[in-house]
Amino acid sequence: MPNSSNGSLPERLDLGHIRFVEVTRQTRGRFEALFEQPGAPKYCWCMAWRHSGREHIENDEKKRMMMALIDAGAPVGIVAELDGRMVGWCSVAPRETYRKLSKQQDDSETGVWSIVCFYVPRALRGGGLASALLDAAIEHAFAKGASTIEAYPVDEAAPSYRFMGFRDMFVARGFHEIGTAGARRHVMRLSR
């Protein structure tokens with residue numbers, strides 16, 4: 001198994017040593033480093049739920065669009081860092097920065113932030129990193145002024161949209177369901 005001494009992913013994840021960093025103009029290189037790793041979602045660059053104006057966009061254009069958002073100061077999410085290596089991502093931002101995420105969405109609401117995506121490298125899945133990312137995303141959104149956090153997870157047995165997280169992970173943190181989005185996604189909320 002790989003270990004962190006040679007720059008590979010660690011065998012076991014020590015969640016106590018992970019730092020969560022907001023992706024900004026100053027830290028965007030960390031986000032790029034994560035998405036450029038083998039197996040990372042560079043086919044998406046986390047633009048699937050963001051306003052793009054077009055349906056079909058090439059991967060390099062998605063990256064350019066995401067970097068433009070970051071350079072413009074738009075909140076896009078957080079990365080997880082362990083010993084200088086990027087090991088995870090969570091897309092958490094004001095809901096209005098995304099396209100419509102559910103049919104019942106009330107666009108007149110203010111202070112709503114959405115959690116729409118997680119990325120954890122395959123070698124680190126099942127070790128609690130997604131839950132730690134969720135905790136950090138919740139803390140981040142409320143610190144940035146969110147009054148409500150909305151998420152769109154699926155049941156663990158769902159064949160798709162798994163990148164949006166699993167329903168039980170959100171229930172364990174006090175999210176409650178307010179509806180559904182499509183056949184698989186639950187619309188869940190946490191308010192303070």
With distance as the sole criterion, is a donor-acceptor pair present between the side chains of [X] and [Y] under 3.5 Å?
| X | Y | value |
| --- | --- | --- |
| Tyr152 | Glu150 | yes |
| Ser91 | Tyr98 | yes |
| Arg184 | Ser160 | yes |

[atom1]/[X] to [atom2]/[Y] distance, rounded to the nearest 0.5 angstrom?
| X | Y | atom1 | atom2 | answer |
| --- | --- | --- | --- | --- |
| Cys44 | Tyr119 | SG | OH | 12.0 Å |
| Met67 | Trp45 | CE | CH2 | 5.0 Å |
| Thr148 | Arg192 | OG1 | CZ | 11.0 Å |
| Glu96 | Gln105 | CD | CD | 9.5 Å |

Working for side-chain contact (heavy atoms from CB on, under 4.5 Å), residues Ile115 and Cys90
CA-CA 7 Å; Ile115 296 174; Cys90 181; 3.7 Å; yes

With salt bridge (Lys or Arg N to Asp or Glu O under 4.0 Å) as the rule and sequence neighbours excluded, what pairs involving residues 107-121 come up?
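Applying salt bridge (Lys or Arg N to Asp or Glu O under 4.0 Å) to every pair that reaches into residues 107-121, excluding sequence neighbours, yields Arg95-Glu109, Lys100-Asp107, Glu109-Arg189.
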
In terms of hydrophobic clustering (I, L, V, M, F, W, Y; side-chain heavy atoms under 4.5 Å; direct or indirect links), are Ile57 and Trp49 co-clustered?
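Each belongs to a different hydrophobic cluster.
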
Applying side-chain contact (heavy atoms from CB on, under 4.5 Å) between Val76 and each of Arg50, Arg28, Glu22, report the one that passes.
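Of the listed options, the one satisfying the test is Arg50.
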
Salt-bridge contact Glu36-Lys63 (side-chain N to carboxylate O under 4.0 Å):
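Yes, Glu36 and Lys63 are salt-bridged.
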
Electrostatic pair Glu177:Arg167 at N-O distance under 4.0 angstrom
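Between Arg167 and Glu177 there is a salt bridge, with a charged N closer than 4.0 Å to a carboxylate O.
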
Per-pair distances, 0.1 Å, donor-acceptor, side chain in residues 127-143, under 3.5 Å, sequence neighbours excluded:
{"residue": "Asp135", "atom": "OD1", "partner": "Arg173", "partner atom": "NE", "Å": "2.5"}

Check for a donor-acceptor pair, side chain of Arg185 on one end and backbone N or O of Leu101 on the other, with a separation under 3.5 Å.
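Side chain of Arg185 to backbone of Leu101: a pair is present.
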
